[in-house]
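First comes the structure, then the notes that go with it.
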Amino acid sequence: MPELPEVETVVREVAPRICGRRFVGAALLDGCLEDVHSAEPLKSVLGVGLGLLPGRLVKRVSRKGKFIIIHLSGNFEMIVHLRMTGMLLFEPSERLKRFIRLEFRFEDGLKMFFSDIRRFGRIWVGPREEVRRLSGLNRLGTDPVAELFSLDDFLTIMRGRVSRRGRLKTALLDQSLVAGIGNIYADEICFRARLHPASRLEKLRPADLLALHEAIGFCLREGIAHNGTTISDFVGTRGDAGKHQQYLQIYGRTGDGCYACGEVVLKTRLGGRGTHFCPSCQALRK
DNA sequence: CCGAACCTGTGT
DNA sequence: ACACAGGTTCGG
C-alpha cells in the first residue's frame, strides 16, 4: 500500500485515536520477528526498544516521506515504516488478523495492531536522536508535501543529483532527494510531466524540471485527497480502501489507450520496477 | 547500476 | 511452476 499519500492517510486516521493516550505495553505476536532489545535469537529484526514503550504518552503523530513518527513523552519517538504490506489497525478484519505481528495496548484498554503480511515493516522505539539515526529517517531528503517545497528547492536538489547522471525515475525514487515518492506515483509524475521515466537526468531542460516540480505536488496531493491508492485488498487504518486507483492516469494501464492521445500504454522494467508510460506523449531525453 | 535478498500472497 | 507486488538494503 504505502507511498506518501497512503502513509499520510494512515497518519490522519491514527492521530485522533492515540493522541493523548498512554502506552501500557507492547506484545510481539510473531515468532519469526525479533525485537533486538530482547534476548531471543529469532529470524527477522523488527526494530528496537519495544520495552521502552510502557508509560509513554502520545503527544503527536507526524510523517516524513514514508515514515510515521509517533512523538512520545520524554523526547522519545516510535518510528514506523510500513514498507510493502505493513498496516496499523484498530479493528482488524478476519483476513488480516492472521498477519498481526504486534499488539500495542493503551491504558484505557484501546488496542492498536501492527499487521504485516510480508514482514518487511520496521518499528523503532527510543530517544528521538537515536531512533532517527537507526531508522534512517535523518537521511531523508525534503518531504514535498509536509515541508515548504519551492521550485528553487527542487532545482537545487536536482542540480546536485544531475552531476551524477542516471535515469529520471531512479531519481524520483531516491528517498534522499525528495522523500515519499514510490513506484506508482513516480510513473504518474512522469506521465503528468510528459517525460519518459528513462530520460537521462543531465538531459532534462529547465521547462522539464518546472513540469516535474508541478507534477510532484499535484500527483501526491491528489493521492492524499482521495485517501491514497488501494490495489488488491489493502486497506487503511479504519479498514476502508483509498479511492485514488480510480484516478490513476498511467500506472497499471498496460495495453490500454493513453488518456491523452489514445496510444497503447506500454510497460517496461526500470531499476527493477514495473514502469508504465505512453511512448507517444512522454518525451525521452537522452 | 543491476540483481538478489528480505517475506507472503495472488494470479497466470 | 513461475512471475509479480505499493520498499529498502546489500553485494558484486
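Proteins come first, then strands; the chains are lettered A, B, ... in the order of their sequence lines, and each starts at number 1. Because the structure is predicted, anything quoted here is derived from the model rather than measured.
In this structure, the ring of A/F23 has its center less than 6.0 angstrom from the ring center of A/F106. Ring centroid separation for the pair A/Y251 and A/H244 does not come in under the 6.0 Å cut-off. You'll find the ring centres of A/H213 and A/F149 inside the 6.0 Å limit.
Between A/H81 and C/dT8 there is a side-chain polar atom (N or O) within less than 4.0 angstrom of OP1 or OP2. For A/R269 and C/dA5, the shortest distance from a side-chain N or O to OP1 or OP2 is below 4.0 Å. Checking the phosphate oxygens (OP1, OP2) of C/dT8, a side-chain nitrogen or oxygen of A/Q175 falls inside 4.0 Å.
For A/M84, the listed nucleotide lying nearest its side chain is C/dA5; candidates were B/dG9, C/dT9, C/dA5. When distances run from any side-chain atom of A/R95 to the nucleotides C/dC4, C/dG7, B/dG9, the shortest one goes to B/dG9. Residue A/F99 places its side chain closer to B/dG9 than to any other of B/dG9, C/dT9, C/dG7. Of the listed nucleotides (C/dA5, B/dG9, C/dT8), B/dG9 has the atom at the smallest distance from the side chain of A/R98. Side-chain atoms of A/R139 lie closest to C/dT9 of the nucleotides C/dC4, C/dT9, B/dT10. Of the listed nucleotides (C/dC4, B/dC7, C/dG7), C/dG7 has the atom at the smallest distance from the side chain of A/R83.
The strand DNA chain B forms stems, runs of 3 or more Watson-Crick or G-U wobble pairs with distances below 3.5 Å, at B:1-6 with C:7-12, B:8-12 with C:1-5.
Chaining together hydrophobic side chains whose heavy atoms lie under 4.5 Å apart places A/I100 alongside A/L29, A/F113.
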Determine all donor-acceptor pairs shorter than 3.5 Å in which one atom belongs to a side chain in residues 259-268 of chain A; sequence neighbours excluded.
from	atom 1	to	atom 2	distance (Å)
A/Y259	OH	A/R253	NE	3.3

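Comparing the P positions of C/dC10 and B/dC7 gives a spacing of 14 Å, expressed to the nearest Å. Comparing the C1' positions of B/dC1 and C/dA5 gives an interatomic distance of 22 Å, to the nearest angstrom.
Remark: A/R205 CZ is loosely packed, at most 12 non-hydrogen atoms of other residues, nucleotides or ligands lying under 6.0 Å away.
In this structure, A/F120 packs face-to-face on the six-membered ring of B/dC6, meeting both the 5.5 Å centre cutoff and the 30° plane limit.
A salt bridge links A/E94 to A/K97: one of the charged nitrogens lies within less than 4.0 Å of a carboxylate oxygen.
Between A/E3 and A/G136, the one whose closest nucleotide on DNA chain C sits nearer the 5' end is A/E3.
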